[in-house]
There are 2 protein chains.
Amino acid sequence: MTVPRAAKTQRRTRIQEEKEERILDAALDVFSSNGFRGATIDQIAESAGMSKPNLLYYFRTKEAIYRTLLERMLFTWLEPLRAFDAEGDPEAEIRSYIRRKLEMSRDFPRESRLFANEILRGAPHIEDELAGPLKDLVDEKAEVIRAWIKAGKLGRCDPYHLIFSIWATTQHYADFDVQVRAVLGERRAGEGRFDDAARFLELLFVRGLDIKSAKGSFG
Amino acid sequence: MTVPRAAKTQRRTRIQEEKEERILDAALDVFSSNGFRGATIDQIAESAGMSKPNLLYYFRTKEAIYRTLLERMLFTWLEPLRAFDAEGDPEAEIRSYIRRKLEMSRDFPRESRLFANEILRGAPHIEDELAGPLKDLVDEKAEVIRAWIKAGKLGRCDPYHLIFSIWATTQHYADFDVQVRAVLGERRAGEGRFDDAARFLELLFVRGLDIKSAKGSFG
DNA sequence: TGATAATTTGACCGGTTGGTAAAACATTAC
DNA sequence: GTAATGTTTTACCAACCGGTCAAATTATCA
């Protein structure tokens, strides 16, 4: 029998681990730039340097690849928000949250686009994830922000929309990259635009939220 | 001969106009929620209440429908930015720009998602539009903002990233609607979230940009 | 080395999809 | 009414696509 077909009980051979990684990387490329429906197994297989049946030996279906990718991505996507610390200084926390999210857009644009794609389509694969773990986490952090407001460390504002606006502005640089590049033109072609964005966004939020820093302004 | 096939010379029959409109509306539904590749002609045809060959009598290809939709959408999408007035009061202009964009997210979410989809895919159909007309318009408005800054009406900041951040935050409510709803839960289920968003965003930007209003604070 | 299990390949299949051909049907113009 | 033009339908096709199968090949290990 040749049943195992990747991860039946646990990770088996070194070759399995290696190939699966190559497939996932190729799939991330293809899915993030073509969407689930727009991606073909042949494309992924070719990009991973193997034949379609060979790829299907490691992942039984296209869906299986996609789901694996989504799972991994969701975890890292939430990492920065998890790091948001109630004990920390509001200004420092918000600044570093913005910076972290911006770094993710710079370093993992494919993951960001994969996520954007899924959400655009109505999140058919992760609706439970959104209404469950994500909502809980956001609720928790919103409470932190609300406490800061009550303590007078922050101007009054809706913490949910605050979080949304940080997500939106930072992910924009990954998801709408083509547009950003087209508009900026040759000016600041390289990674410089991420530094500019960080500067602008930190200023916008720190000032806009009327944050009273414990240790005064950094700048 | 039955050659005309929709708009050979000019708009001909009333029936043509009517059917084309129905097709475009159905196509907007289908394209915006499934992407170009994910949409099928059959789906569009069914949603428009006609047979596939009948639909193809009005638009020769799937591409043709998509292009028509994109063209229309781009025009209205840029409308709010065009309305941005150099002569106006900075605070009023930025407030109304935010409000207008937010209204577009509320009233035309399908168009917003169609656009987001196209950009996510690398804007294959509208790259010229982005690097040409869009860039020119943004350059022009960035100059306006820069002038306001020079005149001391606005704190120093990068006008391009300012525009990006308004785009991002406002379109977020259309493009990431599922996520927004999931996180907000039953709380503020209806259209109320747009009012909350408007309140938050206007506050964030007016304060964050350190705008010195001619007529003092509105609130 | 040989047996056993893991991996890879080529050939194939059924369903879907974008699009066509041609004839039937409806509408309008005279 | 009838001829010309505009519209709709039925039947169809070729390419693509997700996935299977069985045989061939390679790696592992006693």
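What you are looking at is a predicted structure, and each value in this text was computed from that prediction instead of being measured.
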Check for a donor-acceptor pair, side chain of A:T169 on one end and backbone N or O of A:S165 on the other, with a separation under 3.5 Å.
-> yes
Round to a whole Å and report the spacing from NZ of A:K19 to C1' of C:dT9.
-> 12 Å
Can you label the angle between the A:H161 ring and the B:Y173 ring as parallel, tilted or perpendicular, going by 30° and 60°?
-> tilted
Sorted by chain and number, sequence neighbours left out, side chain to side chain contact (heavy atoms under 4.5 Å, CB included) with B:S112 holds for B:Q171, B:A174, B:D175
Would you please confirm or rule out a distance under 4.0 Å between OP1 or OP2 of D:dG6 and any side-chain N or O of B:Y58?
-> no
Provide the full list of salt bridge (Lys or Arg N to Asp or Glu O under 4.0 Å) pairs with a residue in residues 41-55 of chain A, sequence neighbours left out, each pair given once.
-> A:D42-A:K52
Rounded distance in Å - CZ (B:F59) to P (D:dT7) = 13 Å
Once the angle between the rings of A:F115 and B:F176 is folded into 0 to 90°, is it parallel (under 30°), tilted (30 to 60°) or perpendicular (over 60°)?
-> tilted
State whether B:Y57 places a side-chain N or O below 4.0 Å from either non-bridging phosphate oxygen (OP1 or OP2) of D:dT7.
-> yes
Given atom CD of A:E18 and atom P of C:dT7, what is their separation to the nearest angstrom?
-> 11 Å
Inter- and intrachain pairs under salt bridge (Lys or Arg N to Asp or Glu O under 4.0 Å), touching residues 117-133 of chain A, at least two apart = none
Looking at DNA chain C, which of residues 24-32 of chain B put a heavy atom within less than 4.0 Å of it?
-> none
Mutual orientation of the aromatic rings belonging to A:F31 and A:F36 [parallel < 30°, tilted 30-60°, perpendicular > 60°] | parallel
Think A:N54 has a side-chain N or O under 4.0 angstrom from the OP1 or OP2 of C:dT7?
-> no
Output a table of donor-acceptor pairs, distance under 3.5 Å, between side-chain atoms of residues 79-86 of chain A and any protein atom two or more places apart or on a different chain; print 'none' if there are none.
| from | atom 1 | to | atom 2 | distance (Å) |
| --- | --- | --- | --- | --- |
| A:E79 | OE1 | A:R82 | NH1 | 2.4 |
| A:D85 | OD1 | A:E87 | N | 2.9 |

Protein-nucleotides 16-19 of chain C N/O pairs closer than 3.5 Å?
| from | atom 1 | to | atom 2 | distance (Å) |
| --- | --- | --- | --- | --- |
| C:dT17 | OP1 | A:R37 | NH2 | 2.9 |
| C:dG18 | OP1 | B:A39 | O | 3.1 |
| C:dG18 | OP1 | B:K62 | NZ | 2.9 |
| C:dG18 | OP2 | B:I41 | N | 2.9 |
| C:dG18 | N7 | B:K52 | NZ | 2.9 |
| C:dG19 | OP2 | B:K62 | N | 2.9 |
| C:dG19 | O6 | B:K52 | NZ | 3.3 |

If only side-chain N and O atoms of A:Q16 are considered, is one of them under 4.0 Å from the OP1 or OP2 phosphate oxygen of C:dA6?
-> no
Going from CZ on A:R181 to CG on A:D177, what distance comes out if it is rounded to the nearest 0.5 angstrom?
-> 4.5 Å
Can you check whether A:S51 has a side-chain N or O nearer than 4.0 Å to OP1 or OP2 of C:dT9?
-> yes
